A.B. asks: 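After the structure tokens below, expect a handful of questions from me.
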Amino acid sequence: MAAATGDMPTYQIRAPTALPQGVVMAASPGSLHSPQQLAEEATRKRELRLMKNREAAKECRRRKKEYVKCLESRVAVLEVQNKKLIEELETLKDICSPKTD
DNA sequence: TGTATGTGACGTCAATTTCC
DNA sequence: GGAAATTGACGTCACATACA
């Protein structure tokens, strides 16, 4: 797994996140007492976590695709550049090589 | 140190392509 | 035409890391 620092890919950038629409913060756990209330709170927390993680995964994949696209276009540019340099080298070789006839 | 967040890995599903 | 293979998107879990 890539570390979040150092060689971190450009698509790994933390963005400030807001609560998804429709998500309401519950009362603090300190106000809960019965086992049922605690279980409900745990379920609510889990669902909230799953929902946030779902969105985070979507965003993560979107950034990754963008990053790969970016790399691919850079490869295309470098290939063109490389081809030009090879052609230039061949031209210079022709100019510099002694004529044999 | 507990919580929030980002991401790799894995399984699933539907759409598309390939092969017979 | 239909089975098998491939592909892309998704949801979830586990783990690493950042941060208060």
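It should be emphasised that the depicted structure is a prediction, and the values quoted were computed from it without experimental measurement.
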A.B. asks: Does a distance-only test, which skips hydrogens and angles, find a donor-acceptor pair under 3.5 Å between the side chain of A:Arg62 and the base of C:dG8?
C.D. replies: no
A.B. asks: Quickly work out the A:Tyr67 OH to B:dT7 C1' distance and round it to whole Å.
C.D. replies: 14 Å
A.B. asks: From the options C:dG11, B:dG8, C:dC13, select the nucleotide whose nearest atom is closest to the side chain of A:Arg46.
C.D. replies: C:dC13
A.B. asks: For B:dA4, does either OP1 or OP2 sit under 4.0 Å from a side-chain N or O belonging to A:Lys52?
C.D. replies: no
A.B. asks: Can you check the A:Lys45 NZ to C:dT12 C1' distance for me, whole Å?
C.D. replies: 20 Å
A.B. asks: Can you tell me if A:Lys65 touches the phosphate of C:dA9, counting only side-chain N or O atoms and a distance under 4.0 Å to OP1 or OP2?
C.D. replies: yes
A.B. asks: Please state how far atom CZ in A:Arg49 lies from atom C1' in B:dT3, giving the value in whole angstrom units.
C.D. replies: 10 Å
A.B. asks: Can you tell me which nucleotide in C:dA9, C:dC13, B:dG8 comes closest to the side chain of A:Leu50?
C.D. replies: C:dC13
A.B. asks: Does A:Arg61 get its side chain close enough to the base of B:dG8, under 3.5 Å, for a donor-acceptor pair?
C.D. replies: no
A.B. asks: Just how far, in rounded Å, is C1' of C:dG11 from CG of A:Asn53?
C.D. replies: 8 Å
A.B. asks: Check the distance between C:dT12's C1' and A:Glu55's CD and give it to me in whole angstrom.
C.D. replies: 14 Å
A.B. asks: Can you name the salt bridge (charged side-chain N to carboxylate O under 4.0 Å, His left out) partners of A:Glu90, sequence neighbours left out?
C.D. replies: A:Lys93
A.B. asks: Within this structure, what is the CZ-to-P distance between A:Arg63 and B:dG6, rounded to whole angstrom?
C.D. replies: 6 Å
A.B. asks: Which residues pass the side-chain contact (heavy atoms from CB on, under 4.5 Å) test with A:Leu85, sequence neighbours left out?
C.D. replies: A:Glu88
A.B. asks: Would one find a side-chain N or O of A:Arg54 under 4.0 angstrom from OP1 or OP2 of C:dT12?
C.D. replies: yes
